[in-house]
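Structure, as structure tokens:
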Amino acid sequence: MCAFLIDLQQHLFLQYALLTGALASVACGVIGAFVLVKRITYIAGGIAHSVLGGMGLALFLQKNGHWEAVTPLHGAVAAAILSALIIGVVSLRAKQREDTVIGALWAVGMAVGVLFISRTPGYNTDLMSYLFGNILMVSTRELWFLVGLDVVVVAAGLAFYNQFVAVCFDGEFAALRGLKVDFFYLLLLCLTALTTVVLAMVVGLVMVIALLTLPTAIAEFFSKTLARMMVLSCVLCFGFTSAGLAVSYGPDLPVGATTILIAGAAYLTMIVVKRLALPGSIGP
Amino acid sequence: MAAERVNHPAIDVENLTVSFGSKPALLDVSITIEAGLAVGVIGPNGAGKSTLIKAILGFVKPDFGKVRILGIPADQARGLVAYVPQRGAVDWDYPITVEEVAMMGRYGHIPWWKDPGLEDKEQVQNALKMVRMSEFRHRQIGRLSGGQQQRVFMARALAQGADVLLLDEPFAGVDAATERAILDVLDRAKRAGRTLVVVHHDLATAAEYFDFLILIKQRLFAYGRPELVLNPELLSEVYEGRLRVFADLSGARASR
Ligand SMILES: Nc1ncnc2c1ncn2[C@@H]1O[C@H](COP(=O)(O)OP(=O)(O)O)[C@@H](O)[C@H]1O
Ligand SMILES: [Mg+2]
């Protein structure tokens, strides 16, 4: 822990990692709250995994096709938005097919990713870092890209705060009041997609869902309004990503997995405390 | 007759037919509700009462027929109708306060880039006062009793300030205090000239609460003054003898 704090002051890659965690936390706080109350965690899961297809294709084009400008992060964003729109349109048009489509995108996206990555030199390290996170290898360029994503996600999430609250709470009534419910649902899915890309930089595609939902679920317990839940889960998420970095640094553990375990432990503790305490004795 | 055409009826339903899949929920229903009336909708479970309300709101697309609100086609008249859904349709763990739920009635008046203004806040406070929920305005909605939750949804509809109010079983499973509060609100809304359409399951109180009754089971069986609609023969045809309260309809309230 002490070594981590000393090295943090010296090493740029640690500062970048901490900053990436902070960026992820803001997006997680704002969008994670909507994902939780709208109960679309499994949709976020489908999107997160299908992102591998875009990353693999982009990596392949970059290394084999000499498209130098195309980075896996670009591919991730494109794939995330594409699968968000596909899932969104299907769930609006044909409700009963929704989970089939999510499952298909989930698996097909990963298969496409694995195939393209296997045709690219450096196969193993790339695949592992996409799946399980590479927060210690974030470059300056990537960091700026994440800042851009974060600004878009948070600005949209806050600008349309009232609309998202209404659509998530009672879509039927929101429609009655003249809100474009379908539009805001699709927009929310797209913002969720971008958020999973940011979070994937921290803990990898496979564990995105945990980082999106655990801080938010803990925050929900202590919040009577969505705004408060956002602030709290933002703080918690930053706590978890920073603790994950610090704890894993000394013994050289995988950062993503460590972060998720810490968040999971906190969530379990919260549940136990909630069970033991009298109902209604905690919270506002 | 001519005067009626100038002052449009509050709700005009013409040959309305709605089906889900191949199953018709409403068949050829035509009703004209004049402005300022309090109308009860009665009928057995699955009769299509909620479907009628949703068709009037424009939530479900009719296979056939038309709905007009104050002369305007239902799908263009959304701002003119307020709605209190059947209880239990929302997630009670949702982190939102009583006041915030009531404020949703004002959306549509508030552009997205603005916060609620003074008038919006005033309307919300008035609505909460009317349903006697002012003291709970900062509570999370899950921490209320069922009756109190129902009153919050009433407040949301009232805050809208619409001339036509549709309520789907507002009295189902509520406590006496809530029933009183809701009746109070209905009374005041009526005196303010608003039109009320209320799905109601208790035949024993139907005559007392409403000016007119709609008796429905897929088709419209009767629409008129309670004493005409609450006709034992008609009721036993519609309810197929599944009703115990025929005998004491005129007497004390049924035990439910
Ligand atoms: N969204 C829906 N999808 C399929 N069937 C429905 C739907 N809503 C209602 N129904 C069917 O339509 C009929 C009327 O339902 P409803 O209007 O809810 O009756 P009520 O409110 O009088 O109890 C029922 O048979 C019900 O099963
Ligand atoms: Mg019903």
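By convention in this document, chain letters (A, B, ...) are assigned in the order of the sequence lines, proteins followed by strands, and residues within each chain are numbered from 1.
Atom OH of Tyr267(A) has 12 or fewer heavy atoms from other residues, nucleotides or ligands within 6.0 Å.
Residues Phe173(A) and Tyr83(B) come closest through the heavy atom pair CE1-O, 3.8 Å. Across all non-hydrogen atoms, the minimal contact from Ile96(B) to Phe169(A) is CG2-CE1, 4.0 Å. Across all their heavy atoms, Ser223(A) and Pro95(B) have their closest contact at O-CB, 3.8 Å. When every heavy atom of Arg177(A) is checked against every heavy atom of Tyr107(B), the shortest pair comes out as NE-O, 3.0 Å.
Annotation: side chain to side chain contact (heavy atoms under 4.5 Å, CB included) contacts of Thr32(B) (sequence neighbours excluded): Pro9(B), Asp12(B), Glu34(B). For Glu99(B), the salt bridge (Lys or Arg N to Asp or Glu O under 4.0 Å) partners at least two apart in sequence or on another chain are Arg137(B).
Using a 4.5 Å cut-off on side-chain heavy atoms (C-beta onward), Asp170(A) and Met104(B) make no contact. Within the 4.5 Å cutoff, the side chain of Asn162(A) has no heavy atoms near those of the Met103(B) side chain.
Listed in order of number, the residues of residues 57-66 of chain B that approach chain A to under 4.5 Å between heavy atoms are Leu57(B), Phe59(B). Contacts from residues 34-41 of chain A to chain B, taken as heavy-atom pairs separated by less than 4.5 Å, involve Val37(A), Arg39(A) in sequence order.
Formation of a donor-acceptor pair under 3.5 Å by the Tyr94(B) side chain with backbone atoms of Leu226(A) is not found in this model.
Residue contact with chain B, scored on non-hydrogen atoms closer than 4.5 Å, involves the backbone and the side chain of Glu172(A) alike.
Per-residue heavy-atom pair counts under 4.5 Å with chain B were compared for Leu179(A), Val165(A), Leu176(A), and the maximum is reached by Leu176(A). Interface check for chain B: of the options Ala227(A), Cys168(A), Gly178(A), the most heavy-atom pairs under 4.5 Å are formed by Cys168(A).
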